Amino acid sequence: MTLPARAAATLAAIAILLAAGPAVCQPGLTLPARPDAATDKFATMEKTARRAISVACSKEADEQGLKGKARGKFRSACKRDKAAAATSTAVPDKPK
């Protein structure tokens, strides 16, 4: 095979690969929503309240000496529990 024939074959192979690339991709690939996203009270709180809860949970994790995955699991549960407690004890607005 001569050099021009090899070059032509290489270019043809590259063209086929480039053309097939988008066809192989999955169109509209999206990540599934978290099942608890609609009921996540921490995410729906205002920023200052979320920050206060997060700092408190971090301090508790520091006191317990937690690190890595154990710290992450503890903080997640702590924030969820404190947010639920804060929203359940909140005084509802008085009807006018």
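Everything numeric here is computed off the predicted structure, so don't read it as measured data.
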Mind checking the OG-CZ spacing from Ser76 to Arg71? Nearest 0.5 Å is all I need.
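Atom-to-atom, Ser76:OG and Arg71:CZ are 13.0 Å apart.
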Distance from Glu60 atom CD to Gln64 atom CD, nearest 0.5 Å?
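Reported to 0.5 Å precision, the distance equals 7.0 Å.
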Using distance only, find each side-chain donor-acceptor pair of residues 51-58 under 3.5 Å and give its atom names and separation, not counting sequence neighbours.
{"from": "Ser54", "atom 1": "OG", "to": "Arg75", "atom 2": "NH2", "distance (Å)": "2.6"}
{"from": "Ser58", "atom 1": "OG", "to": "Ser54", "atom 2": "O", "distance (Å)": "3.1"}
{"from": "Ser58", "atom 1": "OG", "to": "Arg75", "atom 2": "NE", "distance (Å)": "3.0"}
{"from": "Ser58", "atom 1": "OG", "to": "Arg75", "atom 2": "NH2", "distance (Å)": "3.3"}

